[in-house]
Amino acid sequence: MSSRILLRFLALFFTFGLVTTACSSDGGDDTDAAADTSSSAEGDSGDAEPPDDGTDTDGTDTDGTDTDGTDTDGGDEPDAECPHENDTVLLFGPYEANQPAGVNWRAGVEHGIRDVNESGGILGCQIDIEWQDTQADPDISKQVVAEGAELDPYTIMGTVFSGSTIVNMVEAQRAMIPQIVGSESPAITDRAENGDNDFIFRTSFGGDSGAPKLVQFMVEEGVEKVDLIYKNDEFGVGGAEAHREAFEAAGIAIGEEIVVQPEQIDLSAEVSQLAATDSDAVFVFFSEIETGAFHSEVAVQGFEKPLWGADPLTAGASIELATPGSADGARSHSGVVADAPLFEDWLAAHNELHPDITSVDHNNIKGYIGVYVVKEITERMGSFDRDAFPATLHCASITVEDEPGVLLDVSYDANGDVDRESFIVEVVDGVATVIATVPPLENLADRGC
Amino acid sequence: MAESVNVPQSKAADGSDALDQPDFENRRDKIAIVDRGRLSPSLIALVSMLGAAVAVMPVGRAGFDGVIGLWFLSVLLLVGVNVAVPLDTRNGQMVRWISTATFVAFMMLFPIGKSGATMTDFGLFAIFGAVVVGMNLTQGFAGQVSLAPAAFLGIGSYTSVLLDMGEEVTVAGVTVDLPDLPFLATIPIAIVVCMLLSVLIGFPALRVRGPWLAFVTLAFSLLVFLVLNNEDGLTRGSRGIRVLRNDFEIFGIDMLPTHNFYYAGLFYLFFSLTVVWWIVRSPWGRALKAIRDNSGRASSLGVDVRNYTLLGFAVGSGLAGGAGALYARQVEYIEPRSYFVNQTIDFFLATVAGGLGTLAGPLIGGSLITLVADYLRFTGDWYRVWFGLFVMVMMVVAPEGLAGSFNRFRAWVQKRVDS
Amino acid sequence: MEQFLQVTISGLATGAIFAISAVGFALLWQTAGAVNFAHGEFIMVPAVLILALGTQEPTVGIPDFIPLIGGANIGVALPSAGLPWGLLIGFALTIPIAIFLLGYLFKVSLVDRLLQPGGDDIPLVIATIGLGLFLREYVHEAWFATPQPFPSVFGNGFWRPGGVAISADDIGIIVACTIVIGALQFFIKRTYLGRQMEAAAQNAETARVLGIPVNRMVLLTFAINAVLVTIAGLLVSPAINARWDAGINLGLLAFTAAIIGGFNQVRGALYGGFLVGVIQNWSGAYLSTLYRDAGPLLLLILVILVRPQGLFGRAEERRI
Amino acid sequence: MTKTVDNEPVVRVRNISKRFGGNQAVDDVSFDVTKGEILGVIGPNGCGKSTLFNCLLGQYRPDNGSIELDGIDVSDWSPPRRAKHGLARTFQLLQIFETMSVRDNLKTAAQEHIGSAARRLFMRPDMGLDGEVDDLIERFRMAHLADELAGNLSYGQQKLLDTAMALVSKPAVAFLDEPAGGVNLTMLADVEQQIRDLNVHDGATMVIVEHNMEFIFALAHRIVVMAEGRVLMEGTPDEVRNDPRVVEVYLGGH
C-alpha cells in the first residue's frame with residue numbers, strides 16, 4: 001500500500017527531473033562556455049603546455065610593446081576589439097594526433113601563433129587555440145568540428161587529411177566559420193562538389209593546380225608519352241584525374257593506366273606491366289607506403305624510365321621505406337619543401353621550437369603559413385569580421401612584402417585554392433633536392449576572379 | 001570446432017544433415033540468456049549511461065550544474081527501485097513501465113535547448129544504435145556472427161542516396177537512368193535490398209553449423225568495399241558522394257536541421273527496437289531462443305533452424321540497411337572507407353559489450369561507441385585500447401555484457417533481500 | 001611469357017607470405033579448436049618486437065607500458081658483418097617473449113576460460129576480436145603510428161635470369177616458408193611428440209586415458225604457434241613494413257588462405273597461401289588491377305559453400 | 001493389458017543401414033509401427049538403437065534404406081520437416097531448453113505444427129496454445145512448476161518434460177529414447193503411468209528404446225530386439241522374455 005504511494009511519488013519526481021534536464025539549455029551562457037574552454041584546454045592538450053606558457057609569459061613580458069602595437073593599429077581602427085575574452089582571438093584546431101601529418105600541422109600552426117603573438121597578435125589580440133584530435137577518422141572529425149564550432153572560434157585551422165576535411169567542412173560551412181586546411185584533394189575546393197562552400201581555404205596546392213606546372217616542366221624535359229600509376233583512393237584518383245587533363249592539354253600522350261589498391265604490398269605485376277610499355281616516363285600517384293614498395297620493386301625489375309610524381313614520391317618517409325638507393329632519380333613537384341634553401345631560417349626556428357618532431361615537412365610549413373594568412377586578411381579587413389573574411393580572401397594576393405610570415409607570395413582564387421611559386425625535387429643519393437623552381441600560373445582570372 | 005571433440009560425427013559427405021544434428025552434450029551457451037526478451041530493468045542501466053554522457057559532455061556542453069545533479073539523483077533512485085522491486089509483482093510491472101517511459105521521454109525531450117554538436121552525436125547514437133539492435137538480433141537471438149553490418153550499412157547508404165539523386169549510373173558498361181525517388185521511399189528499398197542480399201549469402205552459408213557465416217560475411221563485406229571503391233560509374237569510387245538532406249519533409253516539417261533530423265534517427269531506433277521486441281515476444285522469438293539454447297532439440301521438434309537463423313540474419317541486415325539510408329544524411333558525405341571492416345568491429349564490440357540477447361544491451365553498446373567514445377576522445381586512441389581490453393575481460397568475467405550484468409546484479413540483490 | 005613468369009613467381013612469393021601467416025592460424029584451429037581472429041596482430045606484434053630489440057639503430061624503444069614508468073630504450077646494437085645480426089638477435093630475443101605472451105598467456109587467460117568442450121566457440125571469436133583491437137591500438141598508441149622500414153634477413157640482392165627479375169627476398173621467403181611448413185607437417189605426422197599432440201587434439205578424453213599429458217600438449221601447440229608467428233613476423237615484414245595496422249590485412253589473408261587450403265591440414269595453409277598469392281597476381285595482371293583482391297575472396301566464398309573442409313582438407317575429419 | 005491395435009502400419013522402416021568407418025552401426029533393419037501401439041526397442045549397449053533413431057528421424061543420413069510415414073517416403077526430408085509431419089522424438093541424453101520456462105518449452109514443441117510462418121510472426125505469442133499446454137502440464141502434475149525455468153527442475157521432472165515435449169504436438173509416432181533412464185523409482189511409476197495414459201486415452205503411437213526391462217515389458221505391445229546393429233527378433237513381451245537368444249545377447253553383451 002505505502003509502496004505504491006512511494007512509487008507514484010517517485011514517478012512524479014523522475015518526470016520533474018527529466019523535464020528540467022531536458023529543458024536546460026547548454027552552451028548558451030558565455031561564461032559557462034568560456035570556463036569549459038579554458039579548463040579543457042588545460043586538461044586536454046598536455047603536450048601543448050610549454051608553448052602555451054611561453055606565449056603567456058611572452059605576452060606579459062612584451063606588454064608594453066604590445067600596447068604600442070595596438071595603439072598604432074587602434075589609431076586606424078578604434079572599433080577593433082578582440083572577439084574573445086582576455087583580449088584574445090580564439091581559433092579551433094582539429095588535427096590528426098595519431099598521424100605525422102596532423103602532428104606536423106599542429107606544430108606548424110603553433111609556431112605561427114607564437115610568432116604572431118610575439119609580434120603583437122592580430123589587431124592587438126593574442127591568439128588562443130583549442131586543439132581537438134580527430135583520430136584521422138572522417139566521422140569523428142565531423143563531430144569534432146561541430147563541437148569546435150560551438151566555441152565560436154574566429155577560424156578553424158585543419159584538418160590535413162582530405163578524407164576528413166571533405167566530411168567536416170560541411171560543419172564549418174554550416175556554422176559560417178572560415179576553415180584553413182592542409183588537404184590537397186581537388187574535390188575540396190570544387191564548387192560543384194562542395195555545395196558552394198565559401199568558407200574553405202587551402203594552404204597549399206590542390207592536386208589540380210599543381211598539375212599544369214609539373215606537366216609544363218615535363219614537356220620541357222622532353223617527355224612525350226607517359227604511363228600513369230596511381231592508388232585507388234581520394235588522393236590518388238583525384239590527383240590522377242587532374243594530371244590526366246593536364247597531360248592532354250600539354251599534348252603528352254598517355255600510355256598505360258594502372259590502378260593499385262591502397263596499401264597493396266605486391267606491385268610486381270604492375271611494375272612488369274609498366275616495364276613492357278613504350279612510354280618515356282612513368283607518373284606515380286602513391287602515398288608513402290606504396291611508394292616505398294614501388295621504388296624497391298622497380299629496382300628489382302630494373303626499368304630505366306624516369307619516375308615523376310606527387311610529393312610522396314620523393315618524401316623522406318618513402319625513401320626510408322624503399323630499399324637503399326632505389327629511390328634515386330625520382331622527381332616530383334612540391335608546393336612547399338622544408339629543405340628548400342629559402343626556408344633555412346624558418347626551419348632552424350621550427351626545430352628549436354619543436355625539437356621532438358624529426359620529420360619536418362610541408363605540413364609544418366602549411367600550418368605556419370595558414371596562421372599568417374588569417375592575420376593578413378584580418379588586418380586588411382581591420383576587424384574580426386568572419387562574414388567578410390571569405391570575400392576578402394577570395395582572389396586576394398599576399399606577397400612577402402605585405403606579410404613576411406607567408407614565406408612565399410601566394411594568391412587565392414575564388415574557390416579557396418592557392419597558387420604560388422613551387423619546386424621540382426629530385427632524389428639524389430637518398431636525399432630530396434630542389435632542382436628547379438616553378439613560377440606561379442597567374443591565371444586567377446580563369447578561376448572565377 | 002571444439003564442441004565436436006567428443007561428439008559423434010555426421011558422416012554425410014555434403015554435410016547437409018549437419019545443421020540439424022543434435023548436440024549430445026548438454027550444451028549451454030556461455031552467453032547466458034538473462035533478459036528473456038522482456039523490457040528489462042537494464043534499460044535503467046542505459047538511462048544512467050545516457051545521464052552520464054549528458055553530464056560529462058566535453059567542450060562547450062553543460063557543466064555539472066544543479067539540474068544535471070537532479071537528473072543523476074533521479075537515475076540513481078530509478079536504478080535503486082529497479083534493483084529492489086521484484087519484476088514479477090504488480091509494482092514491478094509499474095517500475096518497468098516507468099523505466100521505459102522515462103527512457104523514451106528522455107530521448108524525446110533531450111534535444112530541447114541542446115546544441116547542434118550534441119545532437120549530431122545523439123543522432124549518430126540513434127542510427128548506430130539501430131544497427132547494433134539489428135546485429136543483436138542476428139548474434140544475440142539467432143546465435144550467428146555476422147561480420148557484414150558495416151557492408152549492409154554501406155549498401156543501404158548507397159542504395160538510398162543513388163535512388164534519391166536519380167542520376168545516370170554505369171555498371172559494367174551498361175548505363176541506367178535511376179529514378180529520382182523521395183528520400184522516405186528509399187528507406188524501405190534499402191531495407192529490402194539488404195534483406196534479399198543477406199538471404200542470398202546466408203542461405204548457403206547456414207547449411208552447416210560453425211563460424212562459416214562469420215567468414216562468408218567477412219569476405220562479403222570486403223567484396224562490397226571493393227565494389228563501392230572501384231565501380232566509379234555507380235558509386236563515384238573513393239571520391240565519395242556529397243549527400244544533401246534536401247527533400248526530407250514530414251507533415252510539412254523540414255527534417256534538415258540537426259535537431260529535427262535527430263528525431264528521424266530516433267524514430268528509426270524505436271522502429272528497430274519494436275521490430276526486434278515483436279519478433280522476440282512472438283512465437284518466432286521462442287523458436288530463436290530454443291535454437292540458441294539447443295539447436296538439435298529444436299530441430300527435432302519441427303523448428304526449422306536454418307530458416308529461423310536466416311530470417312534473424314536477414315532482419316538484422318535489413319535494419320542495418322535502413323540505418324545506412326539515414327546515416328548517409330547524418331554525415332552528409334558517403335565514401336567506401338566508412339563501411340570498411342573496422343566499422344563492423346566497432347558494431348560487433350558494441351553488441352557484445354552492451355549485452356547479447358537483451359533489448360537494452362544494444363542501446364548501451366551503441367552509446368559506448370558514440371556518446372562515451374565522444375566523451376573519451378581526449379584520450380586520443382587510448383580508449384580503443386581499453387575498449388579491446390574491456391571486451392576481453394568481459395567475455396571472461398561477464399559474458400552476458402553490461403545489460404546482463406545489471407540483471408544478474410539485480411537478481412543477486414533480490415536473492416539477498418529474500419533470504 | 002616473361003610477364004607470366006614474373007607475375008607467377010612474385011605471386012608465389014606473396015603467397016608464401018600468406019602461407020606462413022596462415023599456418024599458425026590453421027594449427028590452432030586444427031589442434032586446439034581455437035579460431036583466432038587476432039592472428040594478424042599475432043604476427044604484427046613479434047615483428048614490432050624484433051625491430052625494437054634488434055635494430056642496429058635502436059630508435060624504437062620499449063614503450064611506456066604504464067605512463068608512470070616511462071619508456072626505456074633497450075634496443076640491441078651490433079656491428080654488421082655482412083649479416084643482419086641485429087635482426088637475428090632481435091628474433092632470438094623475441095621468441096621467448098612471444099612464447100610467453102602470445103602462447104602461454106593467450107592460452108591461460110583467454111582460450112582456457114572461453115573454450116570449453118561442448119561449448120560454443122563464439123565467445124572466443126568475440127574475445128579474440130577484442131584482443132586484436134587491443135594489440136593493434138596499443139602498438140599504435142604506445143609505439144608508432146607510421147610504417148617502419150624492416151630489413152630483410154636475405155638482403156636486397158636480385159637476379160634477372162632470362163628477363164625475369166627475382167629478388168633474394170622472394171626466393172628466401174618461398175624456401176623458408178616451405179621448409180617451416182614441411183618441418184611442422186613432419187613433426188605432427190612423423191614424430192612421437194607430434195602424434196601425441198594430434199591425438200590430444202582429436203580426442204582429449206581418449207588421449208588422457210592413454211596417458212598423454214593433454215594439457216601440456218595443448219600448451220605445446222600454443223608455443224609452436226607463437227614461434228610460427230615470430231618467424232612469420234621476421235619473414236613478411238620486409239615486404240609490408242612493421243606497421244600497427246598490418247594485422248588487419250594479414251589476418252584476413254591468413255583466414256582466406258587457411259580456409260581455401262583446408263584448415264584441418266597444416267599443409268593446406270601452404271597450398272592455400274600459394275594459391276591465393278598466385279590468383280591475386282594473375283587477376284591483377286590479366287583481369288583488372290581493381291579487383292585483384294576479389295579473386296581470392298570469391299574463391300573463399302565458393303569453397304565455404306561447396307567444400308567447407310577446404311580444397312586440400314580431408315572431408316572425413318571435418319568437424320562441424 | 002488390452003491390445004487395441006489396428007493392423008495398418010503408420011511407419012514402415014525398410015532396410016536401414018548405417019556404417020561409421022569400419023563399424024556397421026545399423027545393419028539392414030526393417031520393421032513396421034502400427035497405429036496406436038507402443039513398440040519397444042531393446043538391446044545391449046552399443047547395438048545401434050540410438051543410431052537407428054537418428055537415421056529414422058533425419059539426424060543421420062542412412063547409407064541405404066527408407067522410412068515411410070503414412071505411405072510417403074520421408075527419407076530425404078530434414079528433421080524439422082519430419083517432425084512437422086508427425087515424427088517426434090526425445091534424445092537419450094536429456095535435451096530441454098533450460099533457460100526457458102516449462103510452459104515455453106511445451107509451446108515451442110507445439111507451435112511449429114500449427115499455422116504458417118507468417119502467422120507465427122504476427123499472431124499472439126501463445127498462438128492459442130495456452131489451454132492445451134496447461135492441460136498437459138496439469139496431467140503431468142507440474143502445474144506448480146509451469147513458470148519455473150526448466151533448468152531448475154529435478155532430473156525426473158525434466159525427463160518427464162522432455163517426454164511431454166515429444167508428445168504435445170500429437171505426433172503420428174513418438175520415438176522416445178530411454179524415457180525412464182536415470183529417473184528415480186518414485187518418479188518411474190509416474191512416467192510409466194503418463195505414457196500408458198497417453199497411449200490409452202489419446203491413442204498416441206510410440207516407439208520406445210529402453211534399458212529398464214521391467215518398464216518396457218510392462219508398457220510395450222510389441223518388442224524389437226536388436227543386437228550388433230541387426231534385428232534379432234520381434235514379438236510380444238512374453239515371446240521376447242522367453243526367447244533364449246535374447247538372454248544370450250544380454251549376457252554376452254556384458
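Naming convention: chains lettered A, B, ... in sequence-line order (proteins, then strands); numbering from 1 in each chain. We use all heavy atoms of the structure for the numbers below, so side chains are in, but hydrogens, waters and symmetry mates are not. As the structure is a computational prediction, the values presented were derived from the model and not from experiment.
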Partner chain B: residue of D:L57, D:N105, D:D104 with the largest heavy-atom pair count (under 4.5 Å):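 Winner by heavy-atom pair count: D:D104.
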Looking only at heavy atoms and a cut-off of under 4.5 Å, which of D:T108, D:V168, D:T51 has the most pairs with chain B?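 Between D:T108, D:V168, D:T51, the count favours D:T108.
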In sequence, state the C-alpha distance, the side-chain angles, and the governing distance for B:T309 and B:Q144, and then conclude on side-chain hydrogen bond (donor to acceptor under 3.5 Å, both in side chains). CA-CA 7 Å; B:T309 317; B:Q144 282 289 343; 5.6 Å; no
Within 45 degrees of the axis of the six-membered ring of B:F203 and under 6.0 Å from its centre: does B:R306 put its NZ or CZ there?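 So B:R306 does make the cation-pi contact.
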Rounded to the nearest 0.5 Å, what separates atom CD1 in D:I38 from atom OG1 in D:T205?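 Nearest 0.5 Å value for the CD1-OG1 distance: 9.0 Å.
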Before you tell me yes or no, could you show the steps for D:N54 and D:R89 under side-chain hydrogen bond (donor to acceptor under 3.5 Å, both in side chains), namely the whole-Å CA-CA distance, both residues' side-chain angles and the distance that decides it to 0.1 Å? CA-CA 10 Å; D:N54 285 339; D:R89 73 168 296 180; 2.7 Å; yes
Name the one of D:P62, D:S75, D:S30 that satisfies side chain to side chain contact (heavy atoms under 4.5 Å, CB included) with D:I16?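 Of D:P62, D:S75, D:S30, side chain to side chain contact (heavy atoms under 4.5 Å, CB included) with D:I16 is met by D:P62 alone.
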Which atoms of [X] approach chain B - backbone, side chain, both or neither, heavy atom under 4.5 Å:
{"X": "D:D63", "value": "neither"}
{"X": "D:S169", "value": "neither"}
{"X": "D:T90", "value": "both"}

